[in-house]
*Asks:* 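Just dropping this structure here.
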Amino acid sequence: MNDSLMQETIRRAVENVRSGRGGPFGAMVVKDGQLIAAGTNLVTATNDPTAHAEVMAIREACRTLGSFQLAGCEIYTSCEPCPMCLGAIYWARPDRVYYAAAASDAAEAGFDDSFIYNELKIPQGERKIPFVQAMREAGLEPFREWVRKGDRVRY
């Protein structure tokens, strides 16, 4: 863990709040000690609920590296990742994630993700946003095509 990289991540989060661009979150992707990409929370600035700092940094890093995976990289983030960012991080497959503030610290500031974890424990039809399966057999066709595709890129 590099203290100066974490401090820079936190500085970016603070500046994001001060500039009025978004929430108090920053993230950086680092490879071999060098900054590859950085992101801040731009949810309200872009009207994009997926524009979290980690997701923004991952998107930029993947473009920069020309890869959909971040092997050999580390992610520095100003706060413990939310469930969405956690999913994005696992799909990107970095070597390690360092975070500063805890999810409980974010919750105290009004960014409470615990309801998402609680929703996952509830049957789909009983969630606040019900999930209803429809046309399963037709929905299997894209997967059949994928399995038949000889030159598919595995991920």
Side-chain angles (χ1 to χ4, degrees), residues 1-2 5-6 8-10 12-13 16 21-103 106-107 111-155:
M1 210 288 286
N2 182 311
L5 289 171
M6 183 59 82
E8 176 60 16
T9 303
I10 295 166
R12 289 171 184 259
N16 199 52
R21 292 193 51 170
F25 304 96
M28 299 189 332
V29 177
V30 175
K31 186 170 188 171
D32 300 323
Q34 299 299 309
L35 176 64
I36 302 298
T40 56
N41 179 286
L42 298 176
V43 170
T44 56
T46 61
N47 292 318
D48 178 354
T50 69
H52 287 203
E54 296 91 337
V55 171
M56 301 301 285
I58 288 169
R59 288 174 181 164
E60 183 182 332
C62 288
R63 277 192 299 272
T64 299
L65 296 172
S67 175
F68 57 87
Q69 294 184 344
L70 297 177
C73 295
E74 298 174 327
I75 296 177
Y76 285 77
T77 181
S78 63
C79 186
E80 185 176 358
C82 75
M84 178 184 67
C85 293
L86 184 64
I89 288 165
Y90 270 90
W91 281 113
R93 296 180 178 95
D95 290 359
R96 180 167 284 124
V97 176
Y98 298 105
Y99 65 93
F111 298 92
D112 189 358
D113 299 322
S114 63
F115 77 95
I116 297 172
Y117 290 109
N118 292 334
E119 282 285 293
L120 293 174
K121 298 173 192 171
I122 299 171
Q124 289 183 353
E126 298 173 24
R127 294 178 183 164
K128 290 185 196 271
I129 302 173
F131 283 66
V132 181
Q133 186 174 23
M135 298 182 65
R136 179 177 179 265
E137 190 56 39
L140 294 174
E141 188 58 27
F143 295 112
R144 291 184 189 114
E145 282 297 315
W146 176 255
V147 169
R148 286 191 291 263
K149 185 174 174 55
D151 63 343
R152 66 184 180 261
V153 176
R154 294 192 179 271
Y155 62 95

*Asks:* Atom CG of L86 and atom CG of D113: how far apart are they, to the nearest 0.5 Å?
*Replies:* 10.5 Å

*Asks:* Please find the pair of heavy atoms, one from G22 and one from T44, that lie closest to each other, and give the distance.
*Replies:* CA-OG1, 4.0 Å

*Asks:* May I ask you to test the N41-P24 pair for a side-chain heavy-atom distance under 4.5 Å?
*Replies:* no

*Asks:* Donor-acceptor pair, distance only, cut-off 3.5 Å: does the side chain of D112 make one with the backbone of S114?
*Replies:* yes

*Asks:* Quick check on R148: does its CZ atom have over 12 non-hydrogen neighbours (other residues, nucleotides or ligands) under 6.0 Å away?
*Replies:* yes

*Asks:* Give the minimum heavy-atom separation between C79 and A102, together with the two atoms involved.
*Replies:* SG-O, 3.7 Å

*Asks:* With a sphere of 6.0 Å drawn around CZ of R59, does it hold more than 12 non-hydrogen atoms of other residues, nucleotides or ligands?
*Replies:* yes

*Asks:* Is the shortest side-chain heavy-atom distance between I75 and I58 below 4.5 Å?
*Replies:* yes

*Asks:* Around atom CE of M135, are there more than 12 heavy atoms of other residues, nucleotides or ligands at under 6.0 Å?
*Replies:* no

*Asks:* Roughly how far, to the nearest 0.5 Å, is OG1 of T40 from CZ of R12?
*Replies:* 8.5 Å

*Asks:* How many angstroms lie between atom CE of M84 and atom OG1 of T50, to the nearest 0.5 angstrom?
*Replies:* 5.5 Å

*Asks:* Minimum heavy-atom separation for A57 and A27, please, with both atom names.
*Replies:* CB-O, 3.8 Å

*Asks:* What pairs of donor and acceptor atoms, side-chain ones from residues 64-73 against any protein atom, are under 3.5 angstrom apart with sequence neighbours left out?
*Replies:*
unit_1	atom_1	unit_2	atom_2	d
T64	OG1	E60	O	2.9
S67	OG	Q69	N	3.1
S67	OG	Q69	O	3.1

*Asks:* Please indicate whether E145 has more than 12 foreign heavy atoms, meaning atoms of other residues, nucleotides or ligands, lying under 6.0 Å from its CD.
*Replies:* yes

*Asks:* Over all heavy atoms of both residues, which pair between E74 and Y98 is shortest? Give the atoms and the distance, please.
*Replies:* OE2-OH, 3.5 Å

*Asks:* Does F111, at its CZ atom, have more than 12 non-hydrogen atoms belonging to other residues, nucleotides or ligands within less than 6.0 Å?
*Replies:* yes

*Asks:* Around atom CZ of R96, are there more than 12 heavy atoms from other residues, nucleotides or ligands closer than 6.0 Å?
*Replies:* no

*Asks:* Please determine whether the number of non-hydrogen atoms from other residues, nucleotides or ligands lying under 6.0 Å from atom OH of Y117 exceeds 12.
*Replies:* yes

*Asks:* Working to the nearest 0.5 Å, report the span between CE of M28 and CD of Q34.
*Replies:* 11.0 Å

*Asks:* Provide the closest heavy-atom pair for A88 versus V55 in the form atom of the first, atom of the second, distance.
*Replies:* CB-CG2, 4.2 Å

*Asks:* Should Y76 and N2 count as side-chain neighbours, where that means a heavy-atom distance under 4.5 Å?
*Replies:* yes

*Asks:* Any idea which heavy atoms bring G125 and P130 closest together, and the distance?
*Replies:* O-CB, 4.1 Å

*Asks:* Could you measure the distance from the CD1 atom of I10 to the OG1 atom of T77? Nearest 0.5 Å is fine.
*Replies:* 9.5 Å

*Asks:* Could you check if a side-chain atom of R21 sits within less than 4.5 angstrom of a side-chain atom of L42, using non-hydrogen atoms only?
*Replies:* yes

*Asks:* CD/E119 to CD1/I122 distance, rounded to the nearest 0.5 angstrom?
*Replies:* 4.5 Å

*Asks:* Spell out, as yes or no, whether a donor-acceptor pair under 3.5 Å connects the side chain of E54 to the backbone of I89.
*Replies:* no

*Asks:* Is the shortest side-chain heavy-atom distance between F25 and H52 below 4.5 Å?
*Replies:* no

*Asks:* Does S78 reach the main-chain N or O of G26 with its side chain, forming a donor-acceptor pair under 3.5 Å?
*Replies:* yes

